[in-house]
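Below is one structure, written out as structure tokens; the observations come after it.
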Amino acid sequence: MTFPATFLLWLMAFSCHARLHPHRYGFAPLAFHARHMAITGRIAAPVVALALAARLDGVTGVLIWFASLSIAGLCMALWLASRHH
Amino acid sequence: MTTDRTEDRTRQARNRVAGIVLACLVSYPVAWCVMMDIAHVAGGAATLQLGQIVALACLPVLVVLCFSAYAGLLGVCAAGCIAALAGVLVS
Amino acid sequence: MRETLRTRLGWLHGWAGFVAGLLAACIFMTGTLSVFDTEITRWMQPENRVPAKTALTDTALDAASSLIHEQQLHGVPVFLALPSVRSPTLDVLHYDGRQFVGTRFDPRTGMPIPVRATMGGTFFFSFHYTLLEGVTGTRIVNIIGVALLVAIISGTVIHIRALVPDIVRLRLSAARLRGWLDAHLLAGVLVLPFTVMIVYTGVLVNAGLILPATSLAHLLAPEKPGTPATSGTKAATAARRPLPPLAPLLAIARCSLQGRDAGFILFSPDHLSIYASDASGPFLTRDHADFSLPDGRLLGATTTPGPVAHAMQVMHGLHYARFAPLGLRWLYFVSGLCATATIASGLVLFLMKRRSRSGHRIGFRVGESLTIATLTGLPISILAFLWCNHLLPASMAGRERLETGCFLGIWILCTGHAGLQSSRLHMNAAWRPQLRLIGLLGGGLPVLDVLTCPRAVYALPALHTALDGMGLLAAATALYVRHRLGSDRT
């Protein structure tokens with residue numbers, strides 16, 4: 001159950017990241033408040049994911065946190081690429 | 001003009017090959033000295049393992065540092081001299 | 001041309017990555033398969049249909065015990081691998097100079113299981129760290145590991161500015177070179193923590209070979225030949241008395257090893273040692289409890305204390321991933337595939353960048369042939385190895401050697417094919433048929449499995465589906481790349 005949760009949190013972080021770089025990823029620029037929300041989401045989501053992963057035994061938690069980063073990043077990149085394609 | 005550029009590129013390639021060979025020749029003994037220094041601090045298999053952990057983390061960084069600029073090469077040489085001296089003092 | 005730090009490190013990244021990458025791709029590909037080496041062995045021995053989590057009985061332990069005693073009388077140094085979640089059989093094994101061979105027992109009945117002789121998944125494991133060349137191969141693998149770390153550090157430095165902003169950027173509709181570069185950066189950056197961890201811990205596993213604790217002068221001096229071992233005859237004379245019952249010893253060992261399960265038992269003429277299972281935690285230890293023979297009295301437990309030893313055990317544990325449950329093992333597998341894809345895309349990029357300027361040169365053609373031999377030739381030979389296992393008669397003598405021969409033979413043929421096509425300056429003529437062959441062999445793997453071993457597929461559906469699925473994945477990837485190559489006429 002930990003992996004799906006950390007995966008979703010990383011997806012959230014990457015989507016906030018993509019919205020914070022509108023020209024690179026082809027989005028409309030964000031309003032001031034939405035920008036602050038996105039910055040908070042980009043920082044908070046990985047931290048919450050790490051806290052969730054740390055509830056498992058140390059080494060396994062760290063491995064799952066990094067693995068969910070990789071897989072969520074790949075999924076987000078594929079989604080963004082298909083959106084442009 | 002074209003000949004000049006070709007010569008320039010050949011010289012640059014030669015310099016880079018020499019640079020990486022030199023970087024490897026300098027970095028490896030430095031990493032080895034670091035490992036042996038750490039191993040000599042207390043002796044025994046455990047400190048040798050610690051030396052290997054540190055030296056193997058340093059080795060690729062040292063190679064890149066040596067290759068990147070002359071300052072890096074000089075810095076690594078200086079660090080190697082200090083490590084060698086420390087090794088002589090400890091043993 | 002002005003030399004900057006970025007151009008200089010770009011050159012280092014390109015060349016170190018290409019030269020090391022040719023072998024690193026093979027090491028990563030086989031290492032990724034080694035994550036499931038035990039499962040691959042089970043797939044390759046369809047006669048072994050013992051379900052997972054089968055309870056071990058005293059009858060089975062007694063049967064194994066009498067075989068061990070018999071082998072000890074013949075002077076064969078054996079060990080007993082106890083059932084685990086991944087391998088539910090009770091195995092009496094010895095090393096034959098190339099691999100561990102022996103008898104598998106059913107843990108319920110104690111009956112020997114007549115499995116076929118095969119190199120199994122351990123073939124990929126030994127290829128991964130020795131390149132089938134023993135200590136020399138391991139030393140080469142270590143050097144490649146350090147070169148890969150150099151390539152990673154230089155690559156990170158040249159990409160540092162766009163590292164975070166471009167972390168999920170992939171432009172498939174851009175120019176071909178741009179698309180490949182994006183794919184290389186995307187996979188490289190996202191699996192960077194895993195790649196660094198796996199390469200560093202891998203080099204550290206055999207650190208003594210690359211950074212030995214002897215003086216540099218000793219390294220250059222020739223080694224003295226070792227004295228022949230005489231323990232075999234000693235063991236034959238000393239081990240005449242039968243072994244004590246193993247079940248009570250296992251219970252005592254469990255208490256002595258802080259509740260950890262036993263993994264395997266090593267037998268000596270005068271004592272036996274019960275080792276903690278590698279699956280019991282991320283610390284890969286060789287902690288063991290010793291018992292005297294033949295009375296089975298506890299002699300004591302040996303553990304390795306100290307923070308440095310623990311650090312080293314974690315490094316080993318992280319690399320071997322024997323502690324990892326199934327889910328984490330799949331994450332290792334996916335990360336390994338991504339790391340392999342990073343290296344593969346790097347090799348292709350290196351060639352693409354130089355094709356217009358140096359495409360006619362012999363060096364370029366050799367480089368491209370070797371790249372094809374690595375990226376398509378190796379998967380073909382891996383799939384041929386699996387096909388060979390299912391097609392050769394189960395009772396055939398020396399079939400494990402034939403499997404290895406088939407693997408190497410097909411790989412040499414693929415290299416020869418790529419080399420021949422390169423001399424005609426038609427590289428797509430080399431890529432396309434080899435990719436089609438991967439599609440054919442990978443796509444046919446489930447069909448072959450169902451046709452040749454229907455009972456095993458029925459008994460262990462999850463295991464066979466997973467491994468046949470890997471074949472299908474390889475086929476789908478190869479056919480997609482082949483389709484993308486279709487428009488390229490270079």
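Chain A is the first sequence line, chain B the second, and so forth, proteins listed ahead of strands; every chain is numbered from 1.
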Working to the nearest 0.5 Å, report the span between [atom1] of [X] and [atom2] of [Y].
X         : Y        : atom1 : atom2 : value
Thr7(C)   : Gln12(B) : OG1   : CD    : 6.5 Å
Arg357(C) : Arg9(B)  : CZ    : CZ    : 4.5 Å
Trp15(C)  : Arg16(B) : CH2   : CZ    : 11.5 Å

Can you say whether [X] sits under 4.5 Å from chain C via the side chain, the backbone, both, or neither, judging by heavy atoms?
X        : result
Val17(B) : both
Ala23(B) : neither
Leu59(B) : side chain
Leu50(B) : both

So what's closer than 4.5 Å to chain B heavy atoms on Leu148(C): side chain, backbone, both or neither?
neither
Which atoms of Thr201(C) are under 4.5 Å from chain B, going by heavy atoms: the side chain, the backbone, both sets, or neither?
neither
Under 4.5 Å, counting heavy-atom pairs only, tell me which of [options] racks up the most with chain B.
options                         : value
Ser154(C), Ala207(C), Ala147(C) : Ala207(C)
Ile153(C), Val203(C), Leu149(C) : Ile153(C)
Leu12(C), Leu9(C), Leu5(C)      : Leu12(C)

Where is the tightest heavy-atom contact between Tyr28(B) and Pro212(C), given as atom of each residue plus distance?
OH-CD, 3.8 Å
Quick check: closest heavy atoms across Met35(B) and Leu211(C), and the distance to 0.1 Å?
SD-O, 3.4 Å
Run Val308(C) and Thr47(B) through side chain to side chain contact (heavy atoms under 4.5 Å, CB included) and show every step you take.
CA-CA 7 Å; Val308(C) 177; Thr47(B) 44; 5.9 Å; no
Does CZ in Arg6(C) sit with more than 12 non-hydrogen atoms of other residues, nucleotides or ligands closer than 6.0 Å?
no
Within the supplied structure, the quantity of interest is the number of heavy atoms (other residues, nucleotides, ligands) at a distance under 6.0 Å from Ile362(C) CD1; does it exceed 12?
no
Quick one: which of Leu62(B), Val63(B), Asn15(B), Ile53(B) has the most heavy-atom pairs under 4.5 Å with chain C, could you say?
Ile53(B)
Ring pair (Phe, Tyr, Trp, His ring centres under 6.0 Å): pairs with one or both residues in residues 133-164 of chain C, sequence neighbours excluded
none
Among residues 65-76 of chain B, those lying within the under-4.5 Å heavy-atom range of chain C are Phe67(B), Ser68(B)
Only one of Thr156(C), Ile152(C), Val150(C) clears side chain to side chain contact (heavy atoms under 4.5 Å, CB included) with Val64(B); which?
Val150(C)
